[in-house]
Amino acid sequence: MTALVTATDLRRGYEIKQGWFRPPAHLQAVGGVSFALEAGKTLAVVGESGCGKSTLARLVTLIEKPSAGTLMLDGVDAVNPPASAVKTLRRTVQIVFQNPYGSLNPRKRVGHILEEPLIINTRLSKQDRRAQALDMMAKVGLRPEQYGRYPHMFSGGQRQRIAIARALMLRPKLLVADEPVSALDMSVQAQVLNLLVDLQRELGLAYLFISHDLAVVRHIAEDVMIMYLGIVVEHGPKERIFARSLHPYTQALLDATPGLGRKRQRIVPKGELPSPLDPPKGCVFSTRCPYVTDLCRTQRPLLRPLDGRLVACHYAERFLEVQAA
Ligand SMILES: Nc1ncnc2c1ncn2[C@@H]1O[C@H](COP(=O)(O)OP(=O)(O)O)[C@@H](O)[C@H]1O
Ligand code: SF4
Ligand SMILES: [Mg+2]
């Protein structure tokens, strides 16, 4: 089976102005990310703020073009699509953002917000559009009488339901969810996550689910990809990685997550996150890793297969032995 999404060595850099008399600096926001995602499945992308998650989301949703690399969506070259495929491609993937306040037009009623994609992309009659909007509202747990209300009349969780409904109006195959519950209260987070799980089952959606919080992806993803400073440090089946992670950065993230960390030998990263304008030369994690050696400081470890996942650490075998002991 071919995957719904295949990303190969995706890169995206930005030129950063440094004032009048200095040349612009180059910031590599996404530094070579590869993954495959099958229809109906979820890949979680996890890492702390600034590691390139939203940039990756913009590349996969065609909001921005990569500086290099390839992206195949549903069998179509999404970086340089043939003209005939552009329209279908745009319908294949949709995005939900973190902030349900900013992403909904405050001057439009819910009904209009949901029907807008249909107005732009289909020739459905007004009646049919309304029927489809009401149908989608029911799917995401909104009531028909809320059709005529404005976004400010809803709670944060309900607004995120509206954003999800809008994203699904054109029946995409892939939904990119960029921190969809990070702005919500804990109790509401669970409700929205459950909704996403139900919608996935009902509609056969694939999710690229982005979060800075491993606890959030625990129940939603088949695969997990851990990013640090724009690159992938560990990537594989969620069970493998949660049970026995082989990268010190993943271990630190797990140890910082209540209920997921280990009681003994907790890893706490040293110091601060380096500037993405001046990333470490060798291993990206070398300035904060408790196990760092001279080799780590000079040579970037490749992302390589080990124990049923991919990991980018020179000493990953040791963690396999230690944790098996
Ligand atoms: N349009 C942009 N111009 C310049 N720098 C950017 C731009 N978008 C993102 N960045 C930088 O790229 C890095 C990754 O950002 P982002 O993808 O938003 O990370 P995350 O979503 O994981 O917090 C950050 O250092 C950020 O400042
Ligand atoms: S390569 Fe070295 S610095 Fe990087 S994570 Fe592994 S042990 Fe730590
Ligand atoms: Mg982000």
Side-chain angles (χ1 to χ4, degrees), residues 10-18 24-33 44-61 63-67 95-99 102-103 176-183 208-214 216-217 225-234 245-255 265 267-304 306 310-322:
L10 278 184
R11 291 167 190 270
R12 175 74 207 197
Y14 299 106
E15 297 299 318
I16 307 290
K17 289 207 180 74
Q18 306 244 78
H26 183 77
L27 185 152
Q28 193 71 12
V30 170
V33 169
V45 181
V46 181
E48 65 203 292
S49 179
C51 73
K53 304 182 296 295
S54 293
T55 304
L56 182 65
R58 291 195 299 274
L59 299 181
V60 175
T61 43
I63 295 171
E64 269 178 46
K65 280 207 178 218
S67 341
I95 188 164
V96 171
F97 296 101
Q98 172 176 351
N99 182 353
S103 63
V176 175
D178 189 359
E179 309 242 15
V181 300
S182 302
L208 187 70
F209 187 98
I210 292 171
S211 177
H212 64 272
D213 186 351
L214 274 173
V216 165
V217 309
M225 188 161 84
I226 310 291
M227 288 181 68
Y228 187 84
L229 285 179
I231 70 164
V232 176
V233 296
E234 193 164 8
S245 110
L246 299 183
H247 196 285
Y249 179 62
T250 318
Q251 291 165 13
L253 282 182
L254 283 165
D255 290 347
Q265 1 146 271
I267 294 184
V268 180
K270 298 182 283 187
E272 302 280 310
L273 189 68
S275 162
L277 286 170
D278 187 21
K281 295 239 158 17
C283 171
V284 278
F285 194 49
S286 59
T287 54
R288 301 175 79 195
C289 181
Y291 307 113
V292 62
T293 65
D294 284 343
L295 175 69
C296 307
R297 290 190 191 94
T298 50
Q299 268 190 46
R300 170 98 25 122
L302 293 174
L303 190 65
R304 61 195 168 97
L306 181 67
L310 299 168
V311 59
C313 168
H314 291 306
Y315 301 107
E317 280 80 1
R318 286 197 200 164
F319 305 120
L320 196 58
E321 288 160 21
V322 169

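Residues take their numbers from the sequence shown, with the count starting at 1. All figures in this text were calculated on a predicted structure; none of them were measured in a lab. In listed order, ligands and their atoms are each counted from 1.
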Minimum-distance pair of heavy atoms, taken over all atoms of [X] and [Y]:
X	Y	answer
E15	P24	OE1-CB, 4.0 Å
D213	V46	N-CG1, 4.4 Å
A312	V232	CB-O, 4.1 Å
D178	S54	OD2-OG, 2.6 Å
Q18	A25	NE2-CB, 3.5 Å

### Query
Take atom NZ in K270; do more than 12 heavy atoms of anything else shown fall under 6.0 Å from it?
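Above 12, so yes.
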### Message
For the NZ atom on K65, are there more than 12 heavy atoms of other groups (residues, nucleotides or ligands in this structure) within a distance under 6.0 Å?
### Response
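Check passes, neighbour count above 12.
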Quick test: of every protein heavy atom, which one is nearest to [atom], and how far off is it to 0.1 Å?
atom	result
atom 25 (O) of ligand 1	P276 CG, 3.3 Å
atom 19 (O) of ligand 1	G52 N, 3.2 Å
atom 11 (C) of ligand 1	L27 CD2, 3.7 Å
atom 1 (N) of ligand 1	Y14 CE2, 3.6 Å
atom 18 (O) of ligand 1	S54 CB, 3.7 Å
atom 8 (N) of ligand 1	R58 NH2, 3.2 Å
atom 13 (C) of ligand 1	G50 O, 3.7 Å

### Query
Which of the numbered atoms in ligand 1 are below 4.0 angstrom from a heavy atom of I16?
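Going through ligand 1 atom by atom, the ones under 4.0 Å from I16 are 4 (C), 5 (N).
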### Query
With atoms numbered from 1 as shown, which atoms in ligand 1 lie under 4.0 angstrom from a non-hydrogen atom of S49?
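Those qualifying, in numeric order: 23 (O).
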### Message
When you measure from the heavy atoms of C51 to every atom of ligand 1, does any distance fall below 4.0 Å?
### Response
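The answer is yes: ligand 1 sits under 4.0 Å from a heavy atom of C51.
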#### Entry: Distance in Å, Q299 CD paired with D294 CG, rounded so as to fall on 0.5 Å steps
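Answer for the CD-CG pair, Q299 versus D294, is 11.5 Å.
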### Task
Flag the pair L320 / L246 as yes when at least one side-chain heavy-atom distance between them is below 4.5 Å, and no otherwise.
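Yes. Closest side-chain heavy atoms under 4.5 Å.
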### Message
Any heavy-atom pair between the side chains of E179 and K53 that's under 4.5 Å?
### Response
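Sidechains of E179 and K53: in contact.
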### Query
Looking only at non-hydrogen atoms, which of T55, I210, V45, L59 approaches atom 16 (P) of ligand 1 most closely?
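Selected option, by shortest heavy-atom distance: T55.
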### Query
Which of parallel (below 30°), tilted (30 to 60°) and perpendicular (above 60°) describes Y291 and F319?
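Judged by the thresholds at 30° and 60°, the geometry between Y291 and F319 is tilted.
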### Task
May I have the step-by-step check of side chain to side chain contact (heavy atoms under 4.5 Å, CB included) for L273 and R288, ending in yes or no?
CA-CA 8 Å; L273 189 68; R288 301 175 79 195; 3.6 Å; yes
### Task
May I ask you to list the protein N, O or S atoms found at less than 2.8 Å from atom 8 (Fe) of ligand 2?
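Counting only protein N, O or S atoms under 2.8 Å from atom 8 (Fe) of ligand 2, the list reads C289 SG.
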### Query
Do any N/O/S atoms of Q98 come under 2.8 Å of the Mg ion (ligand 3)?
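No, Q98 does not qualify, because none of its backbone or side-chain N, O or S atoms lies under 2.8 Å.
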